[in-house]
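Chain naming here is simple, since letters A, B, ... match the order of the sequence lines and numbering starts at 1 in each.
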Protein chains: 2
Amino acid sequence: MPLTLDDRKKMILKAVVDDYIATAEPVGSKSLVSRHQLPVSSATIRNEMAELEELGYLEQPHTSAGRVPSDKGYRTYVDELMEVETLPDDEARIIQDVLRANMAEVTGLIRSASSLLSEQTQYASLALSPKCCKNHLQQIKMLMIEPGRALVVVVLSAGLVKDRMVRIPEMLDSAQLMQIASAIEEGLQGMTLDDITLVAVSAAGKHTPLPDSLLNQVLYEAYVSIKQADNLEVYMAGSNKLLAYPEFADVARAKIALDTLAKEGMVAGYLSETREEADDSTYMIRIGQEIALAGLENCSFVTTTYKFGDTVAGRIGVIGPRRMSYAKVISNINFVRMNLNDQIRRLGAGID
Amino acid sequence: MPLTLDDRKKMILKAVVDDYIATAEPVGSKSLVSRHQLPVSSATIRNEMAELEELGYLEQPHTSAGRVPSDKGYRTYVDELMEVETLPDDEARIIQDVLRANMAEVTGLIRSASSLLSEQTQYASLALSPKCCKNHLQQIKMLMIEPGRALVVVVLSAGLVKDRMVRIPEMLDSAQLMQIASAIEEGLQGMTLDDITLVAVSAAGKHTPLPDSLLNQVLYEAYVSIKQADNLEVYMAGSNKLLAYPEFADVARAKIALDTLAKEGMVAGYLSETREEADDSTYMIRIGQEIALAGLENCSFVTTTYKFGDTVAGRIGVIGPRRMSYAKVISNINFVRMNLNDQIRRLGAGID
DNA sequence: TTTAGCACTCGTCGGTGTTGAGTGCTAAAG
DNA sequence: CTTTAGCACTCAACACCGACGAGTGCTAAA
C-alpha cells in the first residue's frame, strides 16, 4: 500500500473535494469526468475512487451514491492539493479600511477583525482576546468616581488596557487612592502577570501610610483587576450564518452545534490549548473529528495567530461546515492576519 | 356582536391558549374537555370555538384541525385571562444571588440580568443599555497611557461610567491632559448630554493655555467619547435556545428570525421607539404581527423598563415564540425588574 | 491498463390507501 | 332556547408501492 498517492489519484481527490465543496452533494464518477473534462472514462474514475475509499480518503453515504471526502481526504486536500487564491482587490480593500478605522484600541481591532472574517467568508468567526503569560504590568491607575467607587485601569505591556469598576472604603479620598496605585505600580513594576500574587500586591501596597483596614480591600480589588486583565475572552460573530448550509438543515443538529459554540468557555479553552502546535505554519486547520468538541463533528476550524511584537498573543479564525471553502477562508485569514499584526504594531509604536 | 366575551367563552379561550402553549399542537374540542374536565360536551365546545373563531380569537391551520390562538386571542389572554404565578423560591433565590454578585457596575449588572432571564425562561433575552436623554455629564477624566494614547473616562449622572481609548498628540504630557480634562469638566458641569455639542466642548477647553494645534484633536476625542457614552447598546443572550421550539423546526424560518435578531441595531431601534407607551403598566407585551419587524411574525416580546432613580433608563426583556409561557416569563421579568432597580439604587447610593 | 457493457443498489419522487383527530350539521333531548 | 349524541365529511400524517435515475462493482474485450 503506497504511503503517498500517485498523481492521478491526487488529481481525482482534489476534484472530488472541489466539487463537494461547491455542491454539497456526493460526487459520482460520471459527473466528475464531465465537470472536469477528464481524459479518462468514468469507469477508470470508478476504480480509482474505489481505491481512494479503501485508503480512507473518501466515503460513501450509502452504496450507489457518489463519494464524499472523509476527514483524511479533507486533510490531504488542505495540506497538499488545494490552490489558495489571492484575495480579490475589493475584498482586500474592505478589510484594510475597516481595520484602519478601528485602530484606536486593541480589543476593538480584534473584534472588528473577527466580524470582518465572518462577513467576508459567510461562516462564523471567533477570536480570542490577547493573552500572553509573558505580559508585564506596566501601569495601574485608580480613578475615584465617587466616594466608595473607583475605576481601576490596568495597562499591560504592548499597550493592552483593561479597566474595572470596584468598591472601595468610603473614607478614602482621591489623593490617597492615587497614592496606593502608585505604590502598587512601583512595587510590581515589570513583573510578569503570572508572578503577581495577592501577597506581592499587598507587600507593594503596604508602603503607603494608611491603616490596614482601609488598604486591604483596595489591594484585593487591585489584585483581582490585574488578574482579570489577562482573562481569556472570546468574541464570536455570525454563528447564525451557519444555518444557511445544508449540513445544518436539520434543526436538531444545528442546535447542538450552535449550543456548543455558545458555550464560549469551551471553545476558548479548546483553542487556547492548541496554542503551541503548528507555530511555524501561519494557520492551523482542524477538520471534523480532529476537533475534540462534541457537537462540532462536521465542522472545521481554520485559525491563525496574531502577535504583539514578536510573541503570539491570541488566535483568530473561522468556524464553518467541514465542507467549507478552505481556499477562500485561508486567503481571507492570511490577509486579515497580516493587516491585524500590522495595525497592532503601529498601535504599539504610536503611529497613526 | 358582543364587545366582551361571556364567561364561558373566556374560559374556553383561556383553556385553548393554555393547552396550545403547553403542547404546541392545535387543540381540538374533544381533547379540551378531557384535559380540563369541562362540565359540557365536546359538541358545545365546538360551537363555542366556531364562534370564537368568527370573532377572531382563534384560527384553524386547516379544516379539520384543532384551533390555534390568533394574535387577538393571545392579546386577550395576556390582558385578561392569564394567571401570573409568583416565582418559585429557588428561582427567586438564584436571581437575587446572581444580581447581588454583579453589582460593582451597572453595565455588568444589566448584562447579567439579561443572561438570567434567558437562563430561567429558556427563551432569548435582551437588554438595552441605559440611555436617558436627561443624563448629565458628571465627570470627565483623561488618563495618559503612553505618549500619544490616552484613556478618556466619562462619568454620567447615576454613576454610569464609560471609557474609550483615544490617540492624542505625542507632545502632550500627563499634567496637560489632566488640565484639559478638568477644564472640560468644569465648563460642561451639569449639562445634559443632548445639550453638549462640539462647540460647547471646544469653548470649555479653550480656557487651557495650550496651542490650538494640540488642543483640537483632544477636544474632538473628548466630544466623541461623551457622545458615545450615551450610545444605545444591546445585550442579547440565548438566541440559539429558540431552535428548541417546534415553531423553528424549519431551518429557513429559524434563520430568518435569528438573522433579524442578530441585527442588533434593528431590535434596539424598535424597542427604544416603544419607550413612551405603556409606562404605567410594569411590562409591555408585543405579540406576533404587533412586532413590526420582518422575520419575527411568530415571536413575542415581553419587556419591562428599569430605572435610574425615578427616570426610565432602559428596557430588558425576553423574546420567544408567540406561543410562549407568558405567565412564567412575566413572573420572572417582574422579579428581575424589582431586583435590578433595587441594585441600581443601592449602587447609586453607595450601599454595599 | 483502460473502457464498454451490464446487472445491481438505493434514495428520491409521485401516487394511493388508511388512519385518526378534528370539524360542521342535524335532530332529538333537557 | 341550549345542550348533546350521532353522523358524514375533511385533511394531515403515515406507510406502502413502483418507476426513475444516478451511482456502483464486476467482467470481458480492446
Side-chain angles (χ1 to χ4, degrees), chain A residues 2 5-13 15-17 19-20 22-70 73 246-247 249-250, chain B residues 2 5-13 15-20 22-70 73 246-247 249-250 253:
Chain A
L5 302 174
D6 63 51
D7 282 355
R8 195 169 65 182
K9 282 208 180 54
K10 281 185 182 170
M11 207 253 157
I12 292 171
L13 179 55
V16 171
V17 179
D19 277 18
Y20 188 60
T23 67
E25 265 161 29
V27 357
S29 53
K30 211 165 176 179
S31 57
L32 201 68
V33 291
S34 73
R35 246 173 166 277
H36 296 259
Q37 287 135 351
L38 301 182
V40 291
S41 80
S42 63
T44 311
I45 302 296
R46 273 202 292 285
N47 291 331
E48 293 283 50
M49 295 215 297
E51 282 184 61
L52 280 170
E53 184 174 354
E54 208 163 325
L55 295 170
Y57 295 94
L58 296 179
E59 285 168 357
Q60 249 179 327
H62 55 268
T63 343
S64 95
R67 301 306 209 291
V68 159
S70 67
E247 22 275 284
D250 176 24
Chain B
L5 301 174
D6 64 51
D7 281 356
R8 194 169 65 182
K9 282 208 179 56
K10 280 185 183 171
M11 206 255 159
I12 292 172
L13 179 56
V16 170
V17 178
D18 277 338
D19 277 19
Y20 188 60
T23 66
E25 265 161 29
V27 357
S29 52
K30 211 166 178 178
S31 57
L32 202 69
V33 291
S34 74
R35 249 173 164 275
H36 297 260
Q37 286 135 350
L38 300 183
V40 291
S41 81
S42 64
T44 310
I45 302 295
R46 272 203 291 284
N47 291 330
E48 293 284 49
M49 295 216 297
E51 281 185 61
L52 280 169
E53 184 175 352
E54 208 162 325
L55 294 170
Y57 294 93
L58 296 179
E59 284 168 359
Q60 250 179 326
H62 55 267
T63 341
S64 95
R67 300 307 207 292
V68 159
S70 66
E247 22 277 284
D250 175 25
R253 284 182 193 285

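- First and last contacting nucleotides of DNA chain C toward chain B (any atom under 4.0 angstrom from a heavy atom, 5' to 3' order): C:dG22 to C:dG24.
- Contact of the A:Arg8 side chain with the A:Thr44 side chain is registered, since non-hydrogen atoms from C-beta on lie closer than 4.5 Å.
- DNA chain D lies under 4.0 Å from at least one heavy atom of each of the following residues of residues 26-33 of chain A: A:Gly28, A:Ser29, A:Ser31.
- Atom NZ in B:Lys9 sits roughly 12 Å away from atom C1' in D:dT2 (whole-Å rounding).
- Within residues 37-47 of chain B, the residues that place at least one heavy atom under 4.0 Å from DNA chain C are, in residue-number order, B:Arg46.
- The OH-P distance, from A:Tyr20 to D:dG23, rounds to 14 Å in whole Å.
- To the nearest 0.5 Å, atoms CD (A:Glu48) and CE (A:Met11) are separated by 11.5 Å.
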Query - Base-pairing string, 5' to 3', of DNA chain D - Watson-Crick or wobble, under 3.5 Å, | interstrand - result: ||||||||||||||||||||||||||||||

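- B:Ser70 pairs by the side-chain contact (heavy atoms from CB on, under 4.5 Å) definition with B:Glu59, B:Lys72, not counting sequence neighbours.
- From B:Leu13, atom CG reaches atom CE of B:Met49 across 11.0 Å, with rounding to the nearest 0.5 Å.
- Considering only residues two or more places apart in sequence or on other chains, B:Glu53 meets the side chain to side chain donor-acceptor pair (under 3.5 Å) condition with B:Arg67.
- Under the 4.5 Å side-chain criterion, counting only non-hydrogen atoms from C-beta, B:Val16 is not in contact with B:Leu52.
- Residues from residues 58-68 of chain A placing a heavy atom under 4.0 Å of any atom in DNA chain C, listed by number, are A:His62, A:Thr63, A:Ser64.
- For B:Lys30, the NZ atom sits in a loose shell: 12 or fewer heavy atoms of surrounding residues, nucleotides or ligands are nearer than 6.0 Å.
- Residues forming a side-chain contact (heavy atoms from CB on, under 4.5 Å) with A:Ala43 (at least two apart in sequence, or on another chain): A:Ser41, A:Arg46.
- Taking CG of A:Leu5 as the reference point, atom CG of A:Leu55 lies at 6.5 Å (rounded to 0.5 Å).
- The minimum heavy-atom distance linking A:Gly66 with A:Pro61 is given by the pair O-CD, 3.3 Å.
- Among residues two or more places apart in sequence or in another chain, the side chain to side chain donor-acceptor pair (under 3.5 Å) test is passed with A:Glu51 by A:Lys9.
- Shown here are the side-chain contact (heavy atoms from CB on, under 4.5 Å) partners of B:Asp18, two or more places apart in sequence or in another chain: B:Lys14, B:Tyr77.
- Among residues two or more places apart in sequence or in another chain, the side-chain contact (heavy atoms from CB on, under 4.5 Å) test is passed with A:Thr63 by none.
- When the side chain to side chain donor-acceptor pair (under 3.5 Å) test is applied to B:Arg253, no partner is found at least two apart in sequence or on another chain.
- A donor-acceptor pair under 3.5 Å is formed between the side chain of B:Thr23 and the backbone N or O of B:Asp19.
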